[in-house]
*Asks:* 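I'd like to ask you about the structure that follows.
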Amino acid sequence: MPRLTRDFFDRDVLDVAPELLGVTLTHGGVTLRLTEVEAYAGSGVDPGSHAFRGRTPRVEVMFGPPGHLYVYFTYGMHWCANLVCGPQGQASAVLLRAGEVVDGREVAAARRPGASERDWARGPARLTRTLALGRAENGLDACAGEAAHLDAPAAPVAAERIRTGPRVGVSGPGGDVATYPWRFWLDGEPTVSPYRPGVVRRRS
DNA sequence: CATCCGATTTCCT
DNA sequence: GGAAATCGGATGG
């Protein structure tokens, strides 16, 4: 199971995202096999991206080197994690939406009291809770091998199992953002999160 | 299945 | 100052 290196992420986000399916991410004593991700393209080109309007303190790490974690806080209580992709300076990233716990079950169970195993990482904020990702991990190099690391699947994922569709909870000016088929998941995996359309925001 | 509402940051106005 | 937020748990039909 080869370790993923920075070169893996230093490519177009739309090439990287589907290849992350089946990859394992290990952090905080738990290993997760990714079953669902979403691509967010670069600054200025993707209205759904946090980096769309350019550099702000929050999205600073998105403009940095590929292979680092962009972890942000939202809805007053949730953390979500992305992996920065290349080319550097473009600020593209892949949101980690769901996965299956393949190691560290005891630790995961303790972090998600009352939740069924299927739900441990079924959704981006549940995923960060199970892996113990938060403010401290923002900017962490996931290719440096220490606190966090990623491993390619033992056997490559069959292309026929990869599905695509619109991103979850994404909408924006112009409306067509919500139709980009930039969500990728593995067909038949119970850990894939239920689809929720984005709420149409109105201009005030 | 649909709706509601939390609890806080971030960034735009 | 204030709306919106890459969401999730609870509750009601």
Side-chain angles (χ1 to χ4, degrees), chain A residues 9 13-14 16-18 20-21 25 32 34-63 68-85 90-99 101 108-109 111-140 142 163-185 190-204:
Chain A
F9 295 98
V13 66
L14 292 177
V16 174
L20 278 172
L21 297 173
L25 168 61
L32 196 75
L34 298 172
T35 58
E36 181 188 357
V37 298
E38 279 178 0
Y40 286 82
S43 179
V45 303
D46 178 9
S49 168
H50 286 170
F52 180 57
R53 298 165 197 275
R55 222 178 255 261
T56 66
R58 180 177 62 157
V59 298
E60 193 56 36
V61 315
M62 292 184 80
F63 287 85
H68 289 235
L69 285 165
Y70 164 51
V71 186
Y72 69 93
F73 184 71
T74 191
Y75 288 104
M77 60 191 93
H78 300 306
W79 295 92
C80 294
N82 295 249
L83 282 161
V84 176
C85 292
Q90 188 177 282
S92 64
V94 176
L95 170 68
L96 308 178
R97 285 203 55 88
V101 173
R111 290 193 183 129
R112 307 272 299 114
S116 69
E117 183 163 344
R118 182 198 194 196
D119 287 337
W120 282 350
R122 190 179 185 225
R126 292 164 167 181
L127 181 153
T128 59
R129 254 193 95 179
T130 295
L131 287 179
L133 295 171
R135 171 172 284 140
E137 285 70 39
N138 188 35
L140 180 69
R163 294 281 176 282
T164 69
R167 293 177 292 185
V168 176
V170 171
S171 61
D176 54 342
V177 195
T179 72
Y180 301 164
W182 287 354
R183 175 184 181 230
F184 302 87
W185 68 93
T191 54
V192 172
S193 70
Y195 178 71
R196 284 199 199 76
V199 185
V200 204
R201 7 180 155 101
R202 210 175 322 121
R203 246 320 18 156
S204 52

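Just so we're clear, the structure is a prediction, and the values are computed from it rather than from any experiment. To find a chain, count down the sequence lines: A is the first, B the second, and so on, and within it residues start at 1.
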*Asks:* Dot-bracket for DNA chain B, please, read 5' to 3', with Watson-Crick or G-U wobble pairs under 3.5 Å on both distances, ( ) within the strand, [ ] crossing, | other strand, . unpaired.
*Replies:* ||||||.|||||.
*Asks:* Could you walk me through whether A:L32 and A:V101 pass side chain to side chain contact (heavy atoms under 4.5 Å, CB included), step by step?
*Replies:* CA-CA 4 Å; A:L32 196 75; A:V101 173; 3.7 Å; yes
*Asks:* Contact between A:R111 and A:L131 at the side-chain level, heavy atoms closer than 4.5 Å - yes or no?
*Replies:* no
*Asks:* Is the side chain of A:R183 donor-acceptor paired with the backbone N or O of A:V168 at a distance under 3.5 Å, no angle test?
*Replies:* no
*Asks:* Of A:R58 and A:Y75, whose nearest nucleotide on DNA chain B comes first from the 5' end?
*Replies:* A:Y75
*Asks:* Please tell me if the side chains of A:L83 and A:L69 come closer than 4.5 Å, counting only heavy atoms from C-beta onward.
*Replies:* yes
*Asks:* Quickly work out the A:E38 CD to C:dC7 C1' distance and round it to whole Å.
*Replies:* 12 Å
*Asks:* Kindly indicate whether the side chain of A:F184, heavy atoms from C-beta on, has any atom under 4.5 Å from the side chain of A:V94.
*Replies:* no
*Asks:* May I have the distance from A:R55 (atom CZ) to B:dC11 (atom P), rounded to whole angstrom?
*Replies:* 13 Å
*Asks:* Under 4.0 Å: is that the gap between some side-chain N or O of A:T56 and OP1 or OP2 of B:dC11?
*Replies:* yes
*Asks:* In B/S/- notation, 5' to 3', how is nucleotides 8-13 of chain C contacted by protein heavy atoms closer than 4.0 Å?
*Replies:* BS----
*Asks:* Using whole Å, report how far CE of A:M62 lies from P of B:dC11.
*Replies:* 12 Å
*Asks:* Whole angstrom is fine here: how far is it from CZ in A:R167 over to P in C:dC7?
*Replies:* 11 Å
*Asks:* In whole angstrom, what separates A:E36's CD from C:dC7's P?
*Replies:* 10 Å
*Asks:* Give a yes or no on whether the backbone of A:A91 and the side-chain of A:S43 come within a donor-acceptor separation of less than 3.5 Å.
*Replies:* no
*Asks:* Starting from C1' on B:dT9, measure out to CH2 on A:W79 and report it in whole angstrom.
*Replies:* 9 Å
*Asks:* Okay, side chain of A:S49, backbone of A:G42: is any donor-acceptor separation there less than 3.5 Å?
*Replies:* no
*Asks:* Is it the case that the side chain of A:R112 and the backbone of A:A108 share a donor-acceptor pair, with hydrogens and angles ignored and the cut-off at 3.5 Å?
*Replies:* no
*Asks:* Donor-acceptor pair, A:R118 side chain versus A:P190 backbone, under 3.5 Å?
*Replies:* yes
